[in-house]
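Throughout, a chain's letter reflects where its sequence line sits, starting with A, and its residues are numbered from 1.
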Amino acid sequence: MIIAEQKPIEEILEMLAPHKKILLAGCGACVTVCQAGGEKEVGVLASQIRVARQEAGNPIEIIETTLTRQCEPEFMDEAKDLMNDVEAVLSIACGIGVQLMAQTFYDKPAYPGLNTSFLGFPEEHGVFTERCAACGNCVLHLTGGICPIARCSKSLLNGPCGGSQDGKCEISKDVDCAWQLIYDRLKALGKLENLAEIIPPKKWITSRDGGPRKIVREDLRI
Amino acid sequence: MKSGSNLEKVFEKGVFAVTAELGPPKGNDVKVVMEKAKHLKGMVDAVNVTDNQTAIVRMSSIATSKLILDMGLEPVMQMTCRDRNRIGIQSDIFGATALGIKNCLCLSGDHQRFGNEIDSKNVYDLDSIQLLSVLKGIRDEGKTLGGDEVEGDVKLFLGAAANPFGDPFEFRAIRLAKKVKAGADFIQTQCIYDMDRFREWMKMVRDLGLHERTHIMGGVMPLKSGGMARYMQKNVPGITIPDEIVKRMVAAPKGKGAAEGIKICIETIEQLKEIEGVDGVHIMALEWEHRVPEIVEEAGLLPRPS
C-alpha cells in the first residue's frame, strides 16, 4: 500500500493562512491503514489547526470528512456538497487523492496535508518499510521475492556491492542489505545458481524515467 | 593486446604490477594534481584517478587523467555508475579514449550519503558489472549498448573492484566470476588487513580458476595512526581490520604511528607477492601520495619496468 506521513503542522498552517473555512478530507484506503490520513487523523489534525488558529486570533472553520477513497473519480461525489461551502480543501490522502480533488473541484485550491512516502507495508507496529519502486518491469522472480530496485540503496541488479557487511547496507546500520536478503532467500530455496547469471542493464523506460506512465486496456474500455 | 596500456604490458611480462591512487582536488587547481603526480612518477606502473570518491565533488577523473597523462604517467581512470546514465558513460568513454586514456576501472561508486551532496539524485542506471559488459561490447564488438556502430577504435584495459571483506563472504568469489565474465581484465581488491580472510578468498578464486582469466591486484592502504585504525575497524563498511593490527597501531609510540602503518603495509605487500594468483598491488595512500615512494622501495618493487 501507499505509505504516507503528515506534513509538519507549521507547513500546513502556512498553506491555510489565507483561508477562513476549509474542508479537511481524509481517505479510507491506504492512509487509513498507515494511520496518516484516515478518519481518526482527520479529527486530530482538525483540532490542532483550530487550536492554533484560535490562539493566533484568526479562527478557522473546518468541515471534516473522510471519503471512501480519494483515488477514484466515483468517490469524489461524497465531497461534492461539502465543497460548495468551503474556500479550499486540505486533503490528507496520498498525492493521488490531492490531485484528483484538485482536478474535480477545479475552482478551489486543494492542499496536501501529507507527504506521500513510498509503497510498502507495516513491518511491525509503527514501523513501515519500502518494498516496491513501481519500476514497471518486475524482477522479483530472479531475486528471491526481494526487490533490489526498491531495497538496494543503489538499485543494483548484480549486487551486493563492497559495502555490504553483517547484513547491513553501507549507508546505515539501520538499513538491511537487500542483496544479503536475496542471497539468503535464494540459498534457502536452493536457487543460488540464479545469482551466477549476469542480469543485463534494465529497461528503465517502464519506470518514471520513460516519462509519465499510462496504461490503456482496450478490453476494459466502453 | 586489448589496449596497449603500460599496465597491460606489465601483466603480460609477468612482472608483479604496482599501481597507486591519486585523489583529484576539490576544485580546478592543477598544481595539486602536479604535486601529487610528481611523487608517483617512476614509482608505479599506473595511477588510479578516483571519480568523486566518497561522493565528494572533485575535479573529474577524465580531466585529471589527461593532466597526468601529459606529465608522462599512465592513468587508470575510475568510472562510477552513481553520477552518469548509460548515455553519459558511453560518451565519456569515447572522450576519454580519444584523449589517450587506456585503462578504466569500473565501479558502482560510493552512495552519495557519504559525501557532501547528500540531497543529490543518484543514477545507478547500470551497475558495475553491467558497466564492464557495456565497455567490453564497445571495445570488442565496436557496438554501443543500444547497438550503434562505434566510429573509431576504442582500446581499453578494463578493471573492476572486488571486496573479499564484504558479506556474504561465500558469495564474493562468485560475484568476482561475474565481473570476469562481464569483461574485467584486472581486479583491484578492497584494502587488505585481514590476511587470513584474504587467503581464504583467494583459494575460492583459484578454485574457480579466476586467477587465470584476470589479473588480481591486492589493495593496501597504510594506516596513519592508532585512532584511524580503531575508527576504520568500527565504522567503515566493507573493511575488516584484525585486532592485532589495531593493537600494533595503538601501541606505536607518539609520533611513530605513521611509520608503523607503513611497516604493516610493506609486510602486507611482501605476503601478497607470495600468494598464488596475486599479480600485483594497488596502493591506496589517501592524501599520502608522497609516502608511496618509500613503500614501493622498501617493499622491493623498484625499479619499475619501462
Among B:Leu126, B:Leu131, B:Ile129, B:Asp125, which residue meets the side chain to side chain contact (heavy atoms under 4.5 Å, CB included) test with A:Pro201?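 Result: among B:Leu126, B:Leu131, B:Ile129, B:Asp125, B:Leu126 is the only option passing the side chain to side chain contact (heavy atoms under 4.5 Å, CB included) with A:Pro201.
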With a 4.5 angstrom heavy-atom cut-off, is it the side chain or the backbone of A:Lys168 that approaches chain B, or both, or neither?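 The answer is neither part of A:Lys168.
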From [X] [atom1] over to [Y] [atom2], what is the distance, rounded to the nearest 0.5 angstrom?
| X | Y | atom1 | atom2 | value |
| --- | --- | --- | --- | --- |
| A:Ser164 | B:Arg172 | OG | CZ | 5.5 Å |
| A:Lys154 | B:Asp127 | NZ | CG | 10.5 Å |
| A:Tyr183 | B:Asp167 | OH | CG | 10.5 Å |
| A:Leu156 | B:Cys81 | CG | SG | 8.0 Å |
| B:Leu132 | A:Ile198 | CG | CD1 | 8.5 Å |
| A:Lys187 | B:Glu170 | NZ | CD | 4.5 Å |

Give a yes or no on this: more than 12 heavy atoms of other residues, nucleotides or ligands lie within 6.0 Å of atom [atom1] of [X].
| X | atom1 | answer |
| --- | --- | --- |
| A:Leu140 | CG | yes |
| B:Phe169 | CZ | yes |
| A:Ile205 | CD1 | no |
| B:Arg230 | CZ | no |
| A:Ile96 | CD1 | no |
| B:Ile118 | CD1 | no |
| A:Gln48 | CD | yes |

Heavy-atom proximity to chain A below 4.5 Å, by part of [X]:
| X | value |
| --- | --- |
| B:Val123 | neither |
| B:Phe114 | side chain |
| B:Ala177 | neither |

Out of A:Leu157, A:Asp209, A:Asp184, A:Leu195, which one racks up the most heavy-atom pairs below 4.5 Å with chain B?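 Ranked by heavy-atom pairs under 4.5 Å with chain B, first place is A:Leu195.
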Only pairs of heavy atoms separated by less than 4.5 Å count here; which of A:Cys161, A:Ser155, A:Pro160 has the most with chain B?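 If we count pairs closer than 4.5 Å to chain B, A:Pro160 comes out on top.
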If you count heavy-atom pairs under 4.5 Å between each of B:Ala162, B:Ser128, B:Pro237, B:Ala161 and chain A, which one has the most?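 Sorted descending by pairs with chain A, the first entry is B:Pro237.
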Based on non-hydrogen pairs under 4.5 Å, which of B:Arg82, B:Arg113, B:Lys178 is most in contact with chain A?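 Most heavy-atom pairs within the cutoff with chain A belong to B:Lys178.
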Would you confirm whether B:Gln130, through its side chain, and A:Pro200, through its main-chain N or O, come within 3.5 Å as a donor-acceptor pair?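 Flag set: sc B:Gln130 to bb A:Pro200 pair under 3.5 Å.
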Just by distance, do the side chain of A:Glu170 and the backbone of B:His111 share a donor-acceptor pair under 3.5 Å?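 Confirmed, A:Glu170 side chain pairs with B:His111 backbone.
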So, for A:Gln165 and B:Ile239, which heavy atoms are closest and what is the spacing to 0.1 Å?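 Heavy atoms only, the tightest pair is NE2-O, 3.7 Å.
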Give the intermediate values and the outcome of side chain to side chain contact (heavy atoms under 4.5 Å, CB included) for residues A:Trp179 and B:Arg175. CA-CA 12 Å; A:Trp179 278 97; B:Arg175 188 159 187 263; over 6 Å; no
